[in-house]
Amino acid sequence: MNNLITAEGFEKTFNFIKLIQQGLVVTVLLALLTVIIGFILGILLAIMRMTDIRPLRFLGQTKSGKLRKNRFLVFLSKFNPISMIATIYVEVIRSTPVIVQIMLIYHGVFGLIDLPSFTFFGFISFERFLPGVVALGINSGAYLCEILRSGIQSIDQGQTEASRSLGMSKVQTMRHIILPQAIKNILPAIANEFVVIIKESSICYTIGVRDIMSAVESVRGAYFIIMEPLLVAAALYFCLCFPTSKIIAYFERRMSRGDKR
Amino acid sequence: MTNDKLIQVKNLKKYYNKDTIHALDDVTVDVNKGDVMVVIGPSGSGKSTLLRSLNLLETPTDGEIIFHGIDITKKSFINSQGKKERVNINLHRQKMGMVFQHFNLFPHKTILDNMILSPVRVLGMSKAAAKEKALRLLKRVGLEDRASAYPIQLSGGQKQRVAIVRALMMEPEVMLFDEPTSALDPEMVGEVLNVMKELANEGMTMVVVTHEMGFAREVGNRVLFMDEGKLVEQGAPREIFENPQHPRLQEFLSKVL
Ligand SMILES: Nc1ncnc2c1ncn2[C@@H]1O[C@H](COP(=O)(O)OP(=O)(O)O)[C@@H](O)[C@H]1O
Ligand SMILES: [Mg+2]
């Protein structure tokens, strides 16, 4: 292996231009689909974490609806299974490495299912791509859930109180008062999550998804050079991530300008 | 002043922190139609908790709040046809306007949108009618030219005047004020108190938590003194200020007057 960077190395790398182009398409698709899955999952999880459905609530109340004195019964009455499931999900995902999650999902979950083996766009293998997208989506769903939740919780309690005191329901308050403000507050965090997803998608080459990193591996296998293809990959990831964060920053500025007009 | 009871508070208790803090300790009081009831007392005596319990922003630990003949602290009530019906707190809150110390205008909406949101969404008023009404109310408080401004562009006094007319948009039967002038610079207190005074003169039922003893004396028809979660003394302003009975009230007045 030669670690010197040479013009010749770049020439060799560009012999694989086709593969690199395809890898770029795969990376973009991976990131886009992950964002969509992650967002839907994140919203669902955030709603689940904030629900107040307590099947044992009656245990903590007297007949007239007042709180009981018995601490154990009051404790049981707080049991909220939906919120608990979402919380466990989020904490497990956030406390384990994404590479372990991808491997577990690829070998463990999709190892048991026979996925149809076909390619789409002519070069994307469905049976590798799908587990990659699912794993990344499951991962970013947990993070987006926490971003959404913290955004909602960052809104002053007085906003909810003012809205409810005007007779608006919980749902109306959420929709017209809390969410518009929360989303504006969390745009930077969401932008950051987009960029993280693009970068983290590179891990999918470990399960054989032919993304940008996988093209790097192909060049290495053919020519025993590593620095040049890595630099090309770095440039490509930069070209994806940098404009993404800049575009979102632009919208963010525009939206916050609306407030102070 | 009629003696129709609008809100009846019976043995209201609110405990916090595993029942160690008694924010409200067995408070019983009626709010009559047309009352301007001023609640005074030292900080932490439970004034806000009492006010916020009236429209259930705080859930009482025990006791009753009877509004329109319905105990709104319960989940359900028996209606006139003898059927069990759920208590719809949103319905009752529409009839109780609330003004907060920190205004709580919606920062992402213009003044006009702040005002029409709830009438349009909750009462089903048409946008045009709501706008007209909002502009009329804004005019009354001298802010008609600020309709398209955002809250951030207003002074504290202006914000609070908007908050008052925003609540009036719902045609409430009673207005609850929680220290409406405490967050204002001194030169702005007057403009807000004036709006409240006008409202009182028009016969609006009001419950006002305030440290403005001048307002209590001049505008109030009843004054409640609270201490440590208890309703310690109540009476006409003159009685309370000129002939206070309870030592705690005497002590409190000697500090604030
Ligand atoms: N959410 C809460 N948790 C615990 N204690 C509270 C809470 N809200 C109020 N209290 C306590 O209840 C008491 C009464 O508070 P409050 O009604 O706000 O008093 P005031 O408005 O008269 O200053 C205070 O001792 C306060 O610390
Ligand atoms: Mg208070």
Side-chain angles (χ1 to χ4, degrees), chain A residues 52-54 57-58 60-75 77-78 151-152 154-187 251-261, chain B residues 13 15 18-19 52 54-64 71 73-76 87-110 113-115 117-123 148-153 163 166-167 169-170 172 175-176 178:
Chain A
D52 192 26
I53 300 172
R54 290 177 285 158
R57 188 195 297 252
F58 67 93
Q61 292 176 341
T62 59
K63 272 221 176 69
S64 58
K66 301 299 177 219
L67 216 59
R68 255 189 230 282
K69 286 268 179 282
N70 186 324
R71 299 241 185 282
F72 180 67
L73 286 182
V74 171
F75 173 78
S77 74
K78 292 194 175 129
I152 288 167
S154 74
I155 304 302
D156 184 58
Q157 186 65 27
Q159 292 286 305
T160 306
E161 291 179 356
S163 173
R164 297 304 302 274
S165 78
L166 287 164
M168 296 219 277
S169 68
K170 257 188 195 167
V171 174
Q172 285 173 322
T173 300
M174 195 45 100
R175 168 152 171 238
H176 298 291
I177 306 301
I178 306 303
L179 278 184
Q181 297 184 60
I183 286 176
K184 192 149 57 188
N185 287 356
I186 60 179
L187 267 183
F251 280 112
E252 205 185 297
R253 270 199 308 277
R254 260 186 44 163
M255 278 179 79
S256 63
R257 209 181 296 148
D259 252 6
K260 298 180 178 107
R261 197 168 3 115
Chain B
K13 298 181 184 121
Y15 298 162
K18 305 193 173 164
D19 298 357
R52 294 157 53 79
L54 293 182
N55 66 354
L56 292 199
L57 285 184
E58 303 290 351
T59 316
T61 309
D62 200 1
E64 295 175 12
D71 181 1
T73 66
K74 300 289 183 298
K75 276 196 188 120
S76 57
V87 172
N88 181 354
I89 189 58
N90 296 332
L91 215 63
H92 301 299
R93 282 188 178 136
Q94 290 166 30
K95 304 194 177 99
M96 303 190 199
M98 183 139 191
V99 175
F100 302 85
Q101 182 176 352
H102 296 289
F103 328 123
N104 297 347
L105 297 182
F106 307 132
H108 60 302
K109 292 188 176 291
T110 63
D113 287 338
N114 261 275
M115 293 176 69
L117 178 66
S118 189
V120 169
R121 296 283 163 186
V122 177
L123 303 179
S148 57
Y150 282 84
I152 196 165
Q153 298 170 289
R166 179 177 71 178
M169 286 292 288
M170 300 299 284
M175 287 282 285
L176 312 173
D178 192 0

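Per chain, numbering begins at 1; letters A, B, ... match sequence-line order. Computed from a predicted model, the values in this text were never measured in an experiment.
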Donor-acceptor contact below 3.5 Å, side chain A:Gln172 vs main chain B:Arg121: yes

Proximity breakdown for B:Arg166 and chain A, heavy-atom pairs closer than 4.5 Å: both

A:Phe58 atom CZ, neighbour heavy-atom count above 12 within 6.0 Å: yes

CD1-NZ distance between B:Ile89 and A:Lys170, expressed to the nearest 0.5 angstrom: 12.5 Å

Segment of B:Leu123 engaging chain A (4.5 angstrom heavy-atom cut-off): neither

Atom group of B:Asp19 that falls short of 4.5 Å from chain A, counting heavy atoms: side chain

Heavy-atom closest contact (A:Ala162 atom, B:Phe100 atom, distance): CA-CE1, 3.6 Å

Under 4.5 Å from a heavy atom of chain A, the part of B:Met96 involved: backbone

Test item: A:Leu166 and B:Met98 side chains (from C-beta on) under 4.5 Å apart, heavy atoms: no

Residues in side chain to side chain contact (heavy atoms under 4.5 Å, CB included) contact with A:Ser163, at least two apart in sequence or another chain: A:Met168, A:Thr173, A:Ile177, B:Phe106

Pick from B:Leu176, B:Leu105, B:Leu56 with the largest number of heavy-atom pairs that fall under 4.5 Å of chain A: B:Leu105

Taking every non-hydrogen atom, the tightest pair across A:Glu161 and B:Leu57: CB-CD1, 3.9 Å

Donor-acceptor contact below 3.5 Å, side chain B:Gln94 vs main chain A:Ser165: no

Where B:Pro107 and A:Gln181 come nearest, the two heavy atoms and their spacing: CG-OE1, 3.2 Å

